[in-house]
Amino acid sequence: DPHHRTIPPAALTGLDSEGRLHPWRVARSAAGRPADLPGLMLLGVEARAALATLADAARRLGPTLGFEPLAPLGDD
């Protein structure tokens with residue numbers, strides 16, 4: 001999502017202090033703020049696309065993220 005986009009308030013009320021999303025909190029907040037619904041839907045579409053892109057990159061790069069694995073330290 002672009003840096004200038006604001007996050008709908010209903011989305012922010014769904015996050016706890018550790019950043020975990022609680023969908024029922026979002027739904028409850030959106031019920032009281034129907035104007036947030038278009039922004040919430042756009043945020044969901046963009047989040048899904050971002051996660052798919054990250055998963056594809058991780059799959060392509062492999063477990064070392066494209067770096068050569070470090071050689072084990074020996075007792076030389």
Side-chain angles (χ1 to χ4, degrees):
D1 54 336
H3 72 280
H4 59 81
R5 175 147 328 122
T6 57
I7 304 295
L12 298 175
T13 61
L15 297 175
D16 66 16
S17 63
E18 296 187 20
R20 289 184 298 249
L21 181 64
H22 296 272
W24 286 110
R25 289 183 191 172
V26 175
R28 187 173 42 241
S29 181
R33 300 178 61 94
D36 283 1
L37 288 175
L40 286 170
M41 290 188 288
L42 181 60
L43 184 64
V45 167
E46 290 175 339
R48 184 179 296 247
L51 289 173
T53 299
L54 288 171
D56 183 55
R59 187 172 43 259
R60 290 173 186 243
L61 293 171
T64 62
L65 297 178
F67 292 99
E68 292 294 321
L70 295 175
L73 296 175
D75 292 324
D76 298 345

### Query
Which pairs pass salt bridge (Lys or Arg N to Asp or Glu O under 4.0 Å) with one or both residues in residues 60-72, sequence neighbours excluded?
Asp56-Arg60
### Message
For a quick test of reading the model, state the closest non-hydrogen atom pair linking Pro34 to Pro38 and the distance between them.
### Response
O-CD, 4.0 Å
### Task
Calculate, to the nearest 0.5 Å, the distance between atoms CG and CE belonging to Asp36 and Met41 respectively.
11.0 Å
### Task
Walk me through it: do Leu42 and Arg5 pass the test side chain to side chain contact (heavy atoms under 4.5 Å, CB included)?
CA-CA 11 Å; Leu42 181 60; Arg5 175 147 328 122; 3.5 Å; yes
#### Entry: Between OG1 on residue Thr13 and CD1 on residue Ile7, distance to nearest 0.5 Å
12.0 Å
#### Entry: Shortest non-hydrogen contact between Leu43 and Ala11, atoms and distance
CD2-CB, 3.8 Å
### Query
Can you find a pair of side-chain heavy atoms, one from Arg33 and one from Ser29, that are under 4.5 Å apart?
yes
### Query
Going by heavy atoms in the side chains, are His22 and Asp16 under 4.5 Å from each other?
yes
### Task
Measure across Gly39 and Pro8 and return the closest heavy-atom pair with its distance rounded to 0.1 Å.
C-CG, 3.5 Å
### Query
So which heavy atom on Ala10 is nearest to which on Ala30, and how close?
CB-N, 3.9 Å
